[in-house]
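Data first, discussion second: the structure below is written as structure tokens.
Just so it is clear: chains get the letters A, B, ... in the order the sequence lines come, proteins before strands, and each one is counted from 1.
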Amino acid sequence: MINKVVENAEVAVRNIKDYNVIMLGGFGLCGIPENCITAILKLGVKGLTCISNNAGVDDFGIGLLLQTRQVDKMISSYVGENAEFERQLLAGELQVELLPQGTLAERIRAGGAGIPAFFTPAGVGTEVGQGKEVRTFNGKDYLLEFWLKADFSLVKAWKGDTAGNLIFKGTARNFNPMMATAGNITIAEVEELVPEGSLDPNQIHTPGIYVQKIFQGTNYEKRIEQYTTSS
Amino acid sequence: MINKVVENAEVAVRNIKDYNVIMLGGFGLCGIPENCITAILKLGVKGLTCISNNAGVDDFGIGLLLQTRQVDKMISSYVGENAEFERQLLAGELQVELLPQGTLAERIRAGGAGIPAFFTPAGVGTEVGQGKEVRTFNGKDYLLEFWLKADFSLVKAWKGDTAGNLIFKGTARNFNPMMATAGNITIAEVEELVPEGSLDPNQIHTPGIYVQKIFQGTNYEKRIEQYTTSS
Amino acid sequence: MALDKIGIAKRIAQEIQTGWYINLGIGIPTLVANYLPEAVEVVLQSENGLLGIGPFPGKNEVDPDLINAGKQTITMLNGSSLFSSAESFGMIRGEHINLTILGAMEVSENGDIANWKIPGKMVKGMGGAMDLVASAKNIIVAMQHVSRSGDSKLLKECTLPITGLRCVKKIVTDLAVLEISPGEGFRLLERAPGISVEEIKHATAGKILVTGDVPEMTIN
Amino acid sequence: MALDKIGIAKRIAQEIQTGWYINLGIGIPTLVANYLPEAVEVVLQSENGLLGIGPFPGKNEVDPDLINAGKQTITMLNGSSLFSSAESFGMIRGEHINLTILGAMEVSENGDIANWKIPGKMVKGMGGAMDLVASAKNIIVAMQHVSRSGDSKLLKECTLPITGLRCVKKIVTDLAVLEISPGEGFRLLERAPGISVEEIKHATAGKILVTGDVPEMTIN
């Protein structure tokens with residue numbers, strides 16, 4: 001099958017350019033493409049538009065790219081807990097577009113699935129609905145929302161094979177599968193890269209067709225935001 | 001967890017009424033709810049609208065319900081190879097709405113996912129597009145299509161647990177997962193019913209929330225339409 | 001005496017029926033899970049991709065790849081399932097969730113809710129709240145009846161940016177249980193132990209409907 | 001001499017580049033898989049939910065739960081993946097498939113295709129064809145140049161119900177290889193061995209463009 005393996009994160013991200021639109025998987029710090037973020041820091045591209053449910057914390061995840069001022073715009077649903085983010089936003093240095101989480105997820109899914117627009121009830125009558133087309137179906141109002149696509153999608157999976165097939169683990173799946181479908185180039189970093197034929201075809205979460213580059217990630221920190229135990 | 005198990009197909013389908021809209025999973029004869037179809041034959045309800053990619057063959061699958069004249073209308077994408085179907089259609093005894101296969105799949109997915117309408121390129125400029133709203137996005141024309149829902153969805157899975165979680169096998173998955181989400185009542189028949197906790201949460205194709213009734217199927221025939229071998 | 005957070009959670013727990021799938025917001029709603037009667041069998045959804053939230057993990061069970069929507073480490077139950085954010089919000093928009101319990105900064109007498117933004121202060125974002133309130137068949141709000149500065153949070157109209165219109169069904173506060181009676185106002189259903197109807201009326205800026213004797217809540 | 005079905009399949013196989021994901025229609029298109037050069041690495045999609053179609057099974061490997069879109073029993077390859085019909089057509093509509101090869105009853109000189117219905121005769125349905133032709137970046141049609149009754153299938157305008165508008169890129173028939181030159185007509189690229197330009201012109205009802213010497217196909 002077609003082999004998608006590249007050597008490492010630096011090689012994988014090297015075609016990202018200034019002002020590109022990039023999607024980054026993850027919910028909070030769970031399931032984020034840690035290696036790709038580090039490689040983008042090193043690459044030094046500027047003016048990025050980042051589509052990601054959250055914006056990381058001050059010193060981890062997308063927060064690192066905010067510190068280096070590589071991001072011009074964030075499209076997210078929740079950006080709490082990030083002081084540098086707040087500073088840049090209030091200083092007018094960062095554009096922010098906030099979307100309902102389900103609308104964000106569905107717009108990305110639509111981008112990958114060739115659906116240019118769809119109707120959703122989320123945000124009707126709110127700031128989110130301002131300027132958007134409203135239509136009534138069965139007596140309920142819905143907003144017209146458009147697909148989202150990216151120049152590059154950066155996703156993190158648990159296991160992946162050389163053909164680009166991916167399996168996620170736990171709630172680290174979150175936005176990764178949709179983003180994998182919506183990138184012009186999708187780069188997958190995986191905790192365990194295995195030969196094709198090692199994964200059960202029936203258990204693949206993201207078919208390899210969506211993935212252009214895959215590499216074995218290293219040194220995963222997997223930082224926990226709210227360490228909570230029963231005892 | 002909430003237990004969805006019922007005794008058998010007869011118990012599962014007994015609330016289906018005359019003139020209900022029912023979805024039936026499967027592609028050709030692969031992954032069809034054999035036990036539910038037999039139970040509906042026995043139940044004798046009439047005037048059904050059946051949403052299914054295909055209409056079975058003369059003497060198997062939905063073809064059986066056509067023979068007994070229990071079906072008033074079919075919504076499908078491909079209905080070849082069924083002489084009784086052809087006879088009823090030409091005699092005006094059966095209404096048929098043909099849809100592009102991807103449109104059918106997406107309309108069902110939309111029904112389950114609370115998306116009342118979406119735009120798709122399939123069918124623009126064809127009979128399928130007649131009377132439908134056309135809109136241009138990025139220079140390409142798209143049709144507005146609406147969600148599909150059903151009174152009952154009948155799906156067939158490989159394994160299922162008492163909480164209603166389902167795993168499909170091979171290409172028997174096809175329309176089953178979306179239909180499971182779009183039925184007011186979804187009935188799942190499975191080849192192997194296992195206790196909750198037996199299936200890996202990471203490998204579930206259909207979460208149990210979509211399934212109202214589940215039962216252990218029996219005597220699967222799994223008829224092959226085009227038996228083809230390399231030798 | 002006004003209820004504490006645990007009291008509010010315990011009262012909401014009484015609303016829950018066996019067989020329901022439930023989404024619990026951050027804060028008081030999360031506490032509700034701790035006070036469900038043993039016989040009530042429900043499934044809790046976490047909108048980041050899990051059905052069947054279990055208890056918090058033991059110290060040796062903590063898994064950074066398994067968190068709830070509040071980013072807390074959690075566990076799964078037998079019968080749990082994992083899925084993507086698109087599937088998760090498909091479940092929510094498709095009205096497969098029976099009950100949503102969430103906090104609010106303001107609720108209006110027609111059921112509007114505001115809980116995502118305070119202009120001029122930091123905007124953290126709406127997360128999944130707008131999807132949840134736009135779709136849920138049954139929404140219970142858990143909140144304090146008045147703000148820290150003493151203003152009523154039950155208003156004729158919301159003053160903060162709206163999260164969703166005409167969606168709240170019931171409100172459980174430290175003082176009362178009320179339901180939205182569309183076109184009429186807040187219908188007072190129960191009083192917190194020792195709280196008078198007059199005190200509740202005084203704390204409610206929106207129109208409040210009181211019919212006959214209003215019983216006191218029973219909280220165990 | 002006009003090509004037979006295998007000849008058409010062999011000629012189309014030459015169009016295929018390594019790294020492509022391809023959807024093959026029923027009939028001649030399915031045969032193309034048999035004539036791909038060894039060095040060309042492609043992945044075949046079956047729209048009922050499989051990437052990585054393998055050879056037909058041995059008699060002991062037949063699995064009724066594993067079929068292609070033509071309902072034939074098949075096998076999988078290492079690296080295959082399975083998915084739902086919604087995901088499958090998401091792949092198709094989202095233009096993740098590099099090439100679609102399908103049969104046709106008629107093609108017009110602007111690239112319209114008709115292949116799903118003959119009014120008055122049985123309607124079998126369009127299956128996935130309308131989604132495929134509305135979305136594919138690259139569509140090659142495999143068909144006979146003229147019908148059994150001797151009528152050209154390459155027309156100024158289609159007479160049968162349309163499957164898709166302005167979508168066909170290239171046509172490989174028993175007589176010729178042609179590409180659609182938008183706004184101009186069918187551009188003749190290659191002749192079948194021993195077939196003259198005149199014969200092809202005669203068999204083509206739509207406008208045909210011939211520039212310079214038209215080479216003969218090379219088929220191994």
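Summarising the geometry, atom CD belonging to A/Glu196 is positioned 8.5 Å from atom CG belonging to D/Leu77; distances are rounded to the nearest 0.5 Å. To the nearest 0.5 Å, the span separating CD on D/Glu87 from CD1 on A/Ile204 amounts to 12.0 Å. Here A/Asp200 contributes atom CG and D/Leu82 contributes atom CG; the two are 8.0 Å apart, rounded to the nearest 0.5 Å. Considering CG of D/Asn78 and CG of A/Asn165, their distance stands at 11.0 Å, rounded to 0.5 Å.
Heavy atoms closer than 4.5 Å to chain A are found nowhere in D/Gln45, neither backbone nor side chain. For chain A, the nearby part of D/Met76 is the side chain; its heavy atoms alone come within less than 4.5 Å. Only the side chain of A/Lys4 has a heavy atom closer than 4.5 Å to any heavy atom of chain D.
Considering every non-hydrogen atom in both D/Glu41 and A/Met1, the closest pair reads OE2-N, 3.2 Å. What you find for A/Tyr210 and D/Gly90 is that their closest heavy atoms are OH-C, 4.4 Å. Across D/Ser80 and A/Pro201, no two heavy atoms sit closer than the pair O-CB, 3.4 Å.
A heavy-atom distance below 4.5 Å is found between the side chains of A/Ile2 and D/Val43.
Note on A/Thr181, A/Asp161, A/Leu199: by heavy-atom pairs under 4.5 Å with chain D, the leading option is A/Thr181.
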Can A/Ile115 and D/Arg93 be said to form a side-chain contact (heavy atoms from CB on, under 4.5 Å), step by step?
CA-CA 8 Å; A/Ile115 303 290; D/Arg93 273 191 320 264; 3.5 Å; yes

